[in-house]
**Q** 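The structure that follows is given in the form of structure tokens.
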There are 2 protein chains.
Amino acid sequence: MRYVTSYPRPVSSPTSRPTGLTERRKAATQLDIARAAAELFAERGPDATTAEEIARRAGVALRTFYRYFRSKQDAVGPLLAGGGDRWRALLAEAGAATDGPALDLGAVLADAVRESLTPADATAGEALEVTRGMLRAAHEDAALRAVWYRVNQESEERLVPVLAGLAGDGADPLDVRLAAAAATDAIRIAVETWAASDAPAEGPGSPADLAEDTLRQLTGGLRLLGA
Amino acid sequence: MRYVTSYPRPVSSPTSRPTGLTERRKAATQLDIARAAAELFAERGPDATTAEEIARRAGVALRTFYRYFRSKQDAVGPLLAGGGDRWRALLAEAGAATDGPALDLGAVLADAVRESLTPADATAGEALEVTRGMLRAAHEDAALRAVWYRVNQESEERLVPVLAGLAGDGADPLDVRLAAAAATDAIRIAVETWAASDAPAEGPGSPADLAEDTLRQLTGGLRLLGA
DNA sequence: TGCACTGATGGCAATCTGTGCCATCTGGGC
DNA sequence: GCCCAGATGGCACAGATTGCCATCAGTGCA
């Protein structure tokens, strides 16, 4: 464990479409591992699951597992981070569409949040339910909570450059940072609140519904949004 | 690692004063280990430090080390969490002093933040510098970052009941939650920003100075504070 | 003060984690 | 069809964690 020479790729941040067969296989393998880990974690909890078992269920060697993920807990990262990735992609799109400093950043944020938290299809709905399951399991398991913390922090960090792009060059880096933190927290708290309830993924009490309120409250005083 | 039967005590949350000799010794031991870990982490980084070495420098057996901390990185937790603990204590005091629903929650928060981030003595100043060192080391070490995430999240969770007490019974739990998140983020970002700079612990660019701004921006839109 | 009890610590063994290294296999380009 | 770069598997090993048991030191009580 002494010196780290090379790390596995980040658990998310889809910057390019998989093109060749090899690329697609690798993406599939990562997802296989992530699903295997999520299943086992949900069944017995992360502590009672070994990396070896995850690898076996995913159909890869232990060594390969560690080429994809730096740790056992990391393996569920892609599932938990998926929503955030989609959200950031939406934001970046919105920025590209309305290219110009004249866009209403607050409105763009709110739209992207609503859209990314409203399940577009069955797959998206399942993803939310998986998240709910992991968060409930996390209530009992510190290691799993740690993964959730990490995913959210990384989501916040990756949001910074996106927001900086939307806000333009004149923006104070600290203000951008605050906006990223506020928006990330708004989503996090909305999702956590929903996960703790029995509300469905759509309608009153849904993540999208709750986030509308949390986002407004947390971003209401931000200089970056013109407060 | 299979089944976890009992965990070490939380790394912080001083709810009672150490009374007997045993209690005081345990507190001292925990601090000895934390300091030893911080020294070694700062010297060579967490990856190049073994738990064995931390234990040896702290003068305890490896087995004892793991009775105090769940992992190697966790060992620095008490040092990182100290500031938050002090801050929450200040808040609770303020609430007890001004007992009544008539207090200006925003002002109380701001006062407590300023006071807890302004080093009262040499020890407090050193604590901030240690934090800076750890945050810089965390830049290179994912596990150390995870500790920082955890410390902040736990600080936020512990803040919730304190704020609920200050806000009174009528407060919406979600609003309280948002206030806790906003305040915690304000402090976190202020400290992180300071740690990344070369600013001294007092004056312009100090944590207290930065936090004044971050707190105002993040709490400016909160319903709990009357926005 | 002296005894019994409870909890803290050390030491040891065993399991699991995470990484370096090398052999083999496979898609992709020429 | 041949060659190369990258992906995977297998193996060994240092280090991380934890269960278990023996010992020792405060604490409470007679």
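Lettering follows sequence order; numbering is per chain, from 1.
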**Q** Rounded to the nearest angstrom, tell me the gap between atom CD1 in B:I33 and atom P in C:dT9.
**A** 8 Å
**Q** Output the rounded distance in Å from CZ (B:F65) to P (C:dA8).
**A** 17 Å
**Q** Send over the distance from B:F69 CZ to C:dT9 P, rounded to a whole Å.
**A** 12 Å
**Q** In terms of side-chain geometry, is the basic nitrogen of B:D198 or B:R136 positioned less than 4.0 Å from the acidic oxygen of its partner?
**A** yes
**Q** Could you tell me if the side chain of B:K26 sits less than 4.5 Å from the side chain of B:T29, heavy atoms only?
**A** no
**Q** Using modelled atom types and a 3.5 Å cut-off, is there a donor and acceptor pairing between side-chain atoms of A:W87 and backbone atoms of A:R114?
**A** no
**Q** In whole angstrom, give the distance that lies between atom CZ of B:R25 and atom C1' of D:dG26.
**A** 8 Å
**Q** Can you pull every protein N or O that's under 3.5 Å from an N or O on nucleotides 28-30 of chain C?
**A**
residue, atom, partner, partner atom, Å
C:dG28, OP1, A:L21, N, 3.0

**Q** Can you tell me if A:K72 touches the phosphate of C:dG18, counting only side-chain N or O atoms and a distance under 4.0 Å to OP1 or OP2?
**A** no
**Q** In whole Å, what is the span from the CD atom of A:Q73 to the P atom of C:dT17?
**A** 9 Å
**Q** Examine the side chains of B:E192 and B:W148 and answer whether a donor and an acceptor come within less than 3.5 Å of each other.
**A** yes
**Q** Just so I know, are the side chains of B:L210 and B:I189 near enough to count as touching, which here means a heavy-atom distance under 4.5 Å?
**A** no
**Q** Side-chain donor-acceptor pairs under 3.5 Å in residues 33-43 of chain A, sequence neighbours left out?
**A**
residue, atom, partner, partner atom, Å
A:E39, OE1, A:R57, NH1, 2.7
A:E43, OE2, A:R57, NH1, 3.3

**Q** Using five base pairs at each end to define the local axes, how bent is the helix from C:dT1-D:dA30 to C:dC30-D:dG1, to the nearest 10°?
**A** 30°
**Q** What residue among A:V76, A:L80, A:V151 forms side chain to side chain contact (heavy atoms under 4.5 Å, CB included) with A:T131?
**A** A:L80
**Q** Any side-chain heavy atom of B:R25 within less than 4.5 Å of one from B:T22?
**A** no
**Q** Is there a side-chain polar atom (N or O) of A:Y66 under 4.0 Å from OP1 or OP2 of C:dT19?
**A** no
**Q** For a quick check, tell me whether the side chain of A:R67 and the base of D:dG6 share a donor-acceptor pair closer than 3.5 Å.
**A** no
**Q** Between D:dG9, C:dT9, C:dG10, which nucleotide has the shortest distance from any of its atoms to the side chain of A:T64?
**A** D:dG9
**Q** Any side-chain heavy atom of B:T193 sitting closer than 4.5 Å to one from A:R177?
**A** yes
**Q** Can you tell me the distance, in whole Å, between the CD atom of A:Q30 and the C1' atom of D:dT8?
**A** 16 Å
**Q** Under the 3.5 Å rule, do the base of C:dG20 and the side chain of A:R63 count as making a donor-acceptor pair?
**A** yes
**Q** Could you tell me how far apart A:R24 (CZ) and C:dT26 (C1') are, to the nearest whole angstrom?
**A** 15 Å
**Q** Counting the atoms with a prime plus P, OP1 and OP2 as sugar-phosphate, which does A:L62 contact under 4.0 Å by heavy atoms, base, sugar-phosphate, or nothing?
**A** nothing
**Q** To the nearest Å, how far apart are B:Y68 OH and D:dT17 P?
**A** 18 Å
